[in-house]
Structure formats: C-alpha cells, structure tokens
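We name chains A, B, ... by the order of the sequence lines, and we start the count at 1 in each one. All figures in this text were calculated on a predicted structure; none of them were measured in a lab.
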Amino acid sequence: MVGTSVLYQSHFMTPQEDHSRIPESDFTLKEQECIAFMKRCKSLRDMKQVHCQIVKLGLIWSSFCASNLVATCALSDWGSMDYACSIFRQIDDPGTFEYNTVIRGLIKEMSLVEALFMYLEMLESGVEPDNFTYPAVFKACALLRTLEEGMQIHGHVFKLGFQEDLFVQNSLINLYGKCRDIRNSRMVFEQMDQKTIASWSALVSAHANLGMWSECLGIFADMNSEGCWRAEESVLVSVLSACTHLGALDLGRSVHCYLIRNMSGLNVIVETSLMDMYMKCGCLEKGLCLFERMANKNQMSYSVMISGLAMHGCGQEALRVFSQMLEEGLPPDDVIYVGVLSACSHAGLVEEGLRCFNKMKYEYGIKPTIQHYGCMVDLMGRAGMLNEALELINGMPMEPNGVLWRGLLTACKIHSNVELAEVAAKNLFQLNSQNASDYLTLSNLYSKAQRWEDVASTRTRLAEEGLNQEPGSSSVEVKREVFKFVSQDKSHPQWESVYEMLHQMEWQLKFEGYSPDTSQVSLDVDEEEKRQRLSTHSQKLAIAFALIHTSQHSPIRIVRSVRMCSDCHTYTKFISTIYEREITVRDRNRFHHFKNGTCSCGDYW
DNA sequence: TTAGGTAGGT
C-alpha cells in the first residue's frame, strides 16, 4: 500500500479527492490503461499527473501499478530517484521486482554504494533476489571495481542457483574483467554452455582494459571461427584498439572493410578509432582522409588527429588542426595540449611550443601535468636549450620523474653534453631506475668523448645492478607475417641470403656516397669491427629481408623497439633512393617516412 | 502481466 503524503505534493490533486479502494477484480483493465499512460510520459510532470489519476482511481493499492510507478520514475531518462524512492518507501511490503528496480535506478544515477546497500537491505528484509537482481548488483561492483564484494556476491549466486543464467554470467565476465581478475573472467566464460555476442564482447573488453592486445585479437579470431561475427561496434572498436597498439594494419584494414560493407554509417567513436589505427600504423594519408570526411568531429577526434600528426612530425599541420578545433568552439583540454606540445617538440617548433605552454596555463587555466613538462623538456632539449630544460625541471611544482630526466639525458646525448648528462643520469639513477638503456646512453656519451674509463665504470655499474638490456629489435611485415630481427641476428633460416643482400646493398651505397658513421658504435673496438657491427643493425637486416621478399616499389614498414641511430637514418635515406622504395619506420615515439633520399622528420628527431 | 548482460576512441 502506498501512503498519501507524497501524492498530495502534486499540483494536480487536492487532499479532499477520494481514493477509496475499488474491488481488485476491476484492477486489470484500469491498470493496463494507467501503465499505457505511464509509457507515454515524457517528463516527471506528466508522471505526476498519471500518479494522481492512479490515486484517484484507487489503483495505488495495486502493487502492480505502484511497482510500475517506481520503475518508470527510477529508470526513465526524465525520472527522479527521489520521487521513485519516496513511493518505494511507502510500499508496505516491497518485493523482488521493486528492490531490483530501485537498485537499477540507483546504478543509473551512479549511486553505486547505495545500490549495494539496497541489495543488503533486500537480503535483510528477507526478500529473495532473483536472476534479474545479480546483473545489476555486479554492474555496481564492476563500476566500483570492488572485487572482494563482487566475489562474495558471486557466492550468493551459487547459493541461490543462478550460476547458469546467461545474463548473470555475462555480468560476471564484465565484473572480473573490470577488477583486473582475468583468470576468473575467462573461467566464467569457459564454463558457459551458451555464449552470446555480449559474452564475447565482455571478454574482449576485459582483455582490452588490461592492454592484453594479442589475446584480444585471439579471442576475436575464436569468436569469428565459432560463427559469432556480427557488426557489433563496441567489439570492433576494442579490436581496432588492439590493432593500433600492435601495429596490425592488415587486420585493422579488414575491420574497416567489414564496417563499410555492413554498416549504413559509422559513429564518431568508430571513426575516431579507425583514424587512430591508420595514423599509428603509419598510414598518415588514410587517417587524414578519414578525418576530413568526418561529419561530426568531437574533442577526442581532434585530439587523436593532433597527436597522430605529432607522431608523424607534422607540427605545423597539427597546429593548424588545433586552431580549427578552437574556431569550431571546442575547448582544449590537458590531453590535447600534450598532443600539441609533442607536435611542437617533434617538429622543432620551439617558439610555438613555448607560446602554447603559456597559453594553456594562463589563457585556458589548465594546470600543467608532468606529461606537459615532459614535452617541454623534450622540446627544449632537442633544440639544444639544455640549461633551460634543466631550469624548467628544477622549477616544477612536482617531483620530476624518470621520464623527465631520461628526456634530458637523451637530449644531452644528441648535443654531446657530458656534464649535464651526468646530472640527469645521477638524478635518474637516484630514482632507482631499472632501465639498462639509461646506463648505455651515458656510456655512449662517454664513448663519443673517448672517456673509456668512464665507459668501463658505467658498464661495470650496469653489471653490478644486474640489469640486462633487452636487445633493440626491428620488425617487418611481409606477406601478412611479422619478422623480427635483432642486431647481428643470424637466427632466421634465411640469414645467409639476408647477409648476401646486405653486402650487395653496401656496394650500391658506397657508390652513391654513403659512408658509415662509426661514432655510433660505443665500444672500444677497432674501426673494422665498428663497421661490421654497424652494418648489421636490426633495421638494416629488416630492410634487406624486405627487399628480398617484397615486390619492386612496394612500401616497407618497420617497427623498431628503440630509437633509431643516426647511421641507420642516413643509410635508410640512401636505400629509399637506390631501391625506389618508401620506407616507414616507427619507433616508440614517432614515425619516419623515407622517400627519394629524404626523411619526413627533416633530420630533426 | 513489469525489467536484465557487453558499450568502445586520445
């Protein structure tokens, strides 16, 4: 039974109107009419009118009507949880449906803890949950990332025997996924008799959330092989994200083809992920083309485009897109400014970068984060403003992290400044950096300065710390297969033909005027040994392999695990002319596009 | 008689 206090708050009825009980046998027809009216409500005001009618007709005594009233108020977009709860609280004997509705309503307005308390109240009141209760409760746990409570409630599911309900299982996959418990997420999935697109989707998202990109693609392949291949945008967006992170351009392209064939139009999220995938897989033109054709660009589409252009070294173009965004009235945020500042840094646009940094702080009131400072240290460092970069670090309102000191150390390497490099390295090592490459960078600097004793002591310290440098690698995609090479690699079955090819290439390079820059080899070995080591850097092996196995004029795409040495850079420029190939190299930070003897970075990287 | 899971892109 519902009391009357709330009802009289309505503007549409007065206390003197009678709402005496009508016989239950007359409920059905009038109930249906009231429910039909509820469904037509477009606002809380409409709802209050229907509510009055219900009271006037005496139907408020019908638990079906009262339940629907609570449900409509709790779950409609225009609804009000306060109103829904006030009706709910006046129901004498709320049952499972009423509790389920209120729990869902609370989750809808993100009152997640309250939703869990409502579930507890339900249990304490002796109202038995059903298979509709748990998907909602697990959703609350998933959003709160509360694994412990989620697991306890999973126990209730077993106790009540809902463990085989499809919706309960799907919500559990999601719960464990969100709580980073991938083992249990998979276990629930594997124990399911029947799997729907939502089950696959939840499992793909669980892996995507953890950055398990290869597994994500594996699940997607299983999903297809089990005949569950349907246009489900959310799954495809996760798959595109995996392609982006792994550089799996071919799969990304096939997802794009599928979307074009099967969808009447693409929404902004799908378009943005496609654009991101193309840009990060090296297809700048394709990304730009998608961007230009997008009907509705939002802040994130601009952000993806700006950071994509930054990675490709197109600083001016990134700044143009940024201005376009501001002209369209979209406000910049801190993430977009990371893209803008890194665009300036990669393209050597020092003045623009400094101007943007100040504008961000003073015009838009965005407080610089450590990422922004990282970009600025990079920007100044690359441009040779090493003391200014150090000053910026020292004046930061927060403690500098390893990324910043590493940025300064790399800049010192570029500009051969051993003194400042020692300052950067000292700070970096104090942060307990477990990165062997930092020691090697310092050692390379000492080697360039021919300070062999310091080279030896740095390498000894590296050994003492027990750090192993994972060898830098270059991967190349040939006929849909990825081949990975490390320096001086002879592990590939065809290594002899690769080395033969390298030999032939060297002749051509010599003829064209290339001479190896042996200063890039930081070992105290003779000149011949240095040349030999230099000629078998992983990138060169990957290029030789690609030249053997790909058709004439076809582009070569290489993914490096570490930054390119300047000799490999020069070498690749020569190769792009001699063999008339476009070569794209992606390292951790950016792309280099080699064509006709030049590189898109303009030799600034 | 009422309802539910997945929902993504920097």
*asked:* Base, sugar-phosphate or nothing for Asn174(A)? Non-hydrogen atoms, less than 4.0 Å.
replied: sugar-phosphate
*With heavy atoms under 4.0 Å as the rule, sort Thr133(A) into base, sugar-phosphate or nothing.*
nothing
*Measure from the side-chain heavy atoms of Met300(A) and tell me the nearest of dG4(B), dG8(B), dT10(B).*
dT10(B)
*Does Lys178(A) have a side-chain nitrogen or oxygen under 4.0 Å from the phosphate oxygens OP1 or OP2 of dA7(B)?*
yes
_Can you confirm if the NZ or CZ of Lys359(A) lies within 45° of the ring axis of Tyr364(A) and under 6.0 Å from the centre of its six-membered ring?_
no
*Taking CD1 from Ile107(A) and P from dA7(B), how many angstroms apart are they, rounded to a whole number?*
14 Å
*Roughly, in whole Å, what's the span from CG in Leu290(A) to P in dG9(B)?*
18 Å
*How is Val304(A) classified with respect to the nucleic acid when contacts are heavy atoms under 4.0 Å: base, sugar-phosphate, or nothing?*
sugar-phosphate
*Using a 4.0 Å heavy-atom cut-off across all strands, classify Ser205(A) as base, sugar-phosphate, or nothing.*
sugar-phosphate
*Just checking Asp276(A): base, sugar-phosphate only, or nothing, at a heavy-atom cut-off of under 4.0 Å?*
sugar-phosphate
*Among dT10(B), dG9(B), dG5(B), find the nucleotide with the atom closest to the side chain of Thr196(A).*
dG5(B)
*Quickly work out the Lys108(A) NZ to dG5(B) P distance and round it to whole Å.*
12 Å
*Provide the closest heavy-atom pair for Ile173(A) versus Ser185(A) in the form atom of the first, atom of the second, distance.*
O-OG, 3.0 Å
*Report yes if the distance between the aromatic ring centroids of His156(A) and Phe162(A) is under 6.0 Å, otherwise no.*
no
_How many whole angstroms separate atom CG of Leu175(A) from atom P of dT6(B)?_
10 Å
_Minimum-distance nucleotide to Val268(A) side chain [options: dG9(B), dT10(B), dA7(B)]_ = dG9(B)
*Kindly say whether, by distance alone, the side chain of Asp165(A) makes a donor-acceptor pair under 3.5 Å with the base of dG4(B)?*
yes
*asked:* Testing the 3.5 Å rule here: is there a donor-acceptor pair between the side chains of Asp130(A) and Thr133(A)?
replied: yes
*Of all the choices, dG4(B), dT6(B), dG9(B), which nucleotide is nearest to the side chain of Val168(A) once you look at every atom?*
dG4(B)
_Considering every strand and a 4.0 Å limit on heavy-atom distances, what is the contact class for Asp334(A): base, sugar-phosphate, or nothing?_
nothing
_Nearest listed nucleotide, side chain of Asp130(A), among dT10(B), dT2(B), dA3(B)_ = dA3(B)
*Whole Å only: how far is the CG atom of Leu266(A) from the C1' atom of dG9(B)?*
13 Å
*Compute the ring centroids of Tyr119(A) and Tyr134(A), then answer whether they are less than 6.0 Å apart.*
yes
*Sugar-phosphate only, base, or nothing, as touched by Lys280(A) at under 4.0 Å among non-hydrogen atoms*: sugar-phosphate
*What nucleic acid atoms does Lys39(A) come within less than 4.0 Å of, heavy atoms only: base, sugar-phosphate, or nothing?*
nothing
*asked:* Please pick, from dG9(B), dT1(B), dG4(B), the nucleotide with the shortest atom-to-atom distance to any side-chain atom of Thr272(A).
replied: dG9(B)
*What does Ser234(A) touch in the nucleic acid at a heavy-atom separation under 4.0 angstrom: a base, only the sugar-phosphate, or nothing?*
base
_Which residues pass the salt bridge (charged side-chain N to carboxylate O under 4.0 Å, His left out) test with Glu226(A), not counting sequence neighbours?_
none
*Euclidean distance, atom OH of residue Tyr99(A) to atom C1' of dA3(B) [Å, nearest integer]*: 18 Å
*Please determine which of Asn100(A), Leu160(A), Val157(A), Asp165(A) meets the side-chain contact (heavy atoms from CB on, under 4.5 Å) test together with Asn131(A).*
Asp165(A)
*Does dT2(B) have Phe97(A) stacked on its base, where the ring centres are within less than 5.5 Å and the planes differ by under 30°?*
yes
_Stacked pair Phe64(A)-dT2(B), distance under 5.5 Å, angle under 30°_ = no
*How is Val204(A) classified with respect to the nucleic acid when contacts are heavy atoms under 4.0 Å: base, sugar-phosphate, or nothing?*
nothing
*For Thr244(A), which contact category applies under a 4.0 Å heavy-atom criterion: base, sugar-phosphate, or nothing?*
nothing
_Lys139(A) side-chain N/O to dG4(B) phosphate OP1/OP2 under 4.0 Å_ = no
_Between dT10(B) (P) and Met294(A) (CE): distance, integer Å_ = 13 Å
*Given the side-chain rings of Trp200(A) and Phe220(A), with only the six-membered ring counted for Trp, is the space between their centroids under 6.0 Å?*
no
*Please report, rounded to the nearest Å, how far the C1' atom of dT2(B) is from the CD1 atom of Ile54(A).*
13 Å
*Determine the contact category for Asp333(A): base if any of its heavy atoms lies under 4.0 Å from a base atom, sugar-phosphate if only primed atoms, P, OP1 or OP2 are that close, otherwise nothing.*
nothing
_Closest listed nucleotide, where the reference is the side chain of Asn100(A) and the choices are dA3(B), dG8(B), dG5(B)_ = dA3(B)
*Could you check which of dA7(B), dG5(B), dG8(B) has an atom nearest any side-chain atom of Asn170(A)?*
dG5(B)
*asked:* By a 5.5 angstrom centroid cut-off and a 30 degree plane limit, is there stacking between Phe167(A) and dG5(B)?
replied: no
*Can you find a donor-acceptor pair, distance only, under 3.5 Å between Asn298(A) side chain and dG9(B) base?*
yes
_Students often get this wrong, so: under 4.0 angstrom with heavy atoms, is Leu75(A) touching a base, only sugar-phosphate, or nothing?_
nothing
*Out of dT6(B), dG8(B), dT10(B), whichever nucleotide has its closest atom nearest the side chain of Glu233(A)*: dG8(B)
*Quick one: does Gln32(A) reach the base of dT1(B) with a side-chain donor-acceptor pair under 3.5 Å?*
yes
